[in-house]
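Here's the structure we're looking at; comments come further down.
Side chains included, hydrogens not; waters and symmetry mates left out as well; all remaining heavy atoms used.
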Amino acid sequence: GYNYFFYPVNFNQKKPFEISCNIKHTSGIDDYAYGLIWGGTKPLTFHNFSITANGHFMTFRRENDSYIEETGWLQSYAIDTGNASNLIVIEGDGTNLTYYINGTQVHKTTIPKRYGEDLGFYVENTQSIEVDYIEVKATLEKINVANGFNDVKLNMLAKEINTKYDEVFPVVSSDGT
């Protein structure tokens with residue numbers, strides 16, 4: 001079995017982007033996957049870039065109940081084996097994805113279909129990992145604002161709606177949160 005933990009992160013994969021994390025195997029079995037999931041939707045659809053503590057990596061995707069290997073398991077001497085930290089990077093240029101482990105390019109492919117916005121971690125079998133950080137760098141998108149909103153003043157709707165910050169356009173959902 002496996003576990004995964006994710007958070008929605010939106011970015012345009014048709015423009016340059018980079019996802020990186022420093023991930024450490026701390027205990028457990030050494031020949032099962034742990035790594036990044038990205039471009040997913042709950043619960044079983046995502047892309048995966050994983051390594052093992054014994055020096056292998058793989059890219060694959062899940063589409064509901066289907067498991068599709070992209071690379072198969074490949075050995076890489078770029079991986080620091082055992083209970084070690086490894087820097088995993090996925091870099092997109094708008095057309096291609098390049099995968100790196102500790103600064104060494106290990107795979108390149110065309111950018112696949114993105115299913116959703118979920119980004120997080122994947123851990124198979126009985127093992128533990130620690131993540132020092134995860135970072136997404138992406139091209140900023142222009143936000144178009146209608147003309148004539150230069151003189152908008154803060155409007156306190158209610159203490160339950162506004163925060164202590166100077167919100168000019170607070171977002172209020174249908175349930176009031």
Same hydrophobic cluster for Y100 and I19, using side-chain heavy-atom links shorter than 4.5 Å among ILVMFWY? no
Single-linkage hydrophobic cluster, 4.5 Å side-chain cutoff, I79 and Y77 together: no
Within this structure, what is the CD-NE2 distance for the pair Q105 and H107, rounded to the nearest 0.5 Å? 9.5 Å
Spatial distance of atom CE (M58) from atom CD1 (I51) [nearest 0.5 Å]: 13.5 Å
With rounding to the nearest 0.5 Å, note down the distance linking CD1 in I37 to CZ in R61. 15.5 Å
Please give me the minimum heavy-atom distance between L97 and P112, naming the atom from each residue. CD1-CD, 3.5 Å
Non-hydrogen side-chain atoms of Y115 and H47 separated by less than 4.5 Å: yes
For the backbone of A33 and the side chain of Q127, can you confirm whether one donor and one acceptor N or O come within less than 3.5 Å of each other? yes
Report yes if some heavy atom in the side chain of N83 is under 4.5 Å from a heavy atom in the side chain of H25; otherwise report no. yes
Can you tell me how far the OG1 atom of T59 sits from the CH2 atom of W73, to the nearest 0.5 Å? 10.0 Å
Between atom OG1 of T126 and atom CD1 of I29, what is the distance when rounded to the nearest 0.5 Å? 7.0 Å
Could you tell me whether the side chain of T41 and the main chain of G116 form a donor-acceptor pair under 3.5 Å? no
Using 30° and 60° as the class limits, which term best fits the ring planes of Y122 and F60: parallel, tilted or perpendicular? perpendicular
Quick one: do N54 and H56 satisfy side chain to side chain contact (heavy atoms under 4.5 Å, CB included)? Show the steps, please. CA-CA 6 Å; N54 70 356; H56 294 79; 3.1 Å; yes
Counting neighbours of OH on Y7 that are heavy atoms of other residues, nucleotides or ligands and sit closer than 6.0 Å, is the number greater than 12? no
Which Ile, Leu, Val, Met, Phe, Trp or Tyr residues join I68 in one cluster when any pair of side-chain heavy atoms under 4.5 Å counts as a link? none
Is the side chain of N86 donor-acceptor paired with the backbone N or O of D80 at a distance under 3.5 Å, no angle test? yes
Taking all non-hydrogen atoms of both residues into account, name the closest pair between A78 and N102 and its distance. O-ND2, 2.8 Å
Distance-minimising heavy-atom pair for A84 and Y34: O-OH, 4.4 Å
For a side chain to side chain contact (heavy atoms under 4.5 Å, CB included) check, start with the C-alpha distance between F46 and D118, then their side-chain angles and the critical distance, and finish with the verdict. CA-CA 8 Å; F46 53 81; D118 290 347; over 6 Å; no
Pairwise side-chain contact, F11 with L119, heavy-atom cut-off 4.5 Å (strictly under): no
Quick check on side-chain contact (heavy atoms from CB on, under 4.5 Å): which of I129, V123, I134, D132 does I23 satisfy it with? I129
Would you say Y133 ends up clustered with L36 if hydrophobic residues are merged whenever their side chains have heavy atoms under 4.5 Å apart, either directly or through other cluster members? no
Once you measure the plane-to-plane angle for F57 and F49, does it fall in the parallel (<30°), tilted (30-60°) or perpendicular (>60°) bin? perpendicular
For residues 87-95, dump all side-chain donor-acceptor pairs below 3.5 Å to protein atoms at least two apart in sequence or in another chain.
unit_1	atom_1	unit_2	atom_2	d
D93	OD1	T95	N	2.8
D93	OD1	N96	N	2.6

For T45 and N64, indicate whether the former's side chain and the latter's backbone hold a donor-acceptor pair under 3.5 Å. yes
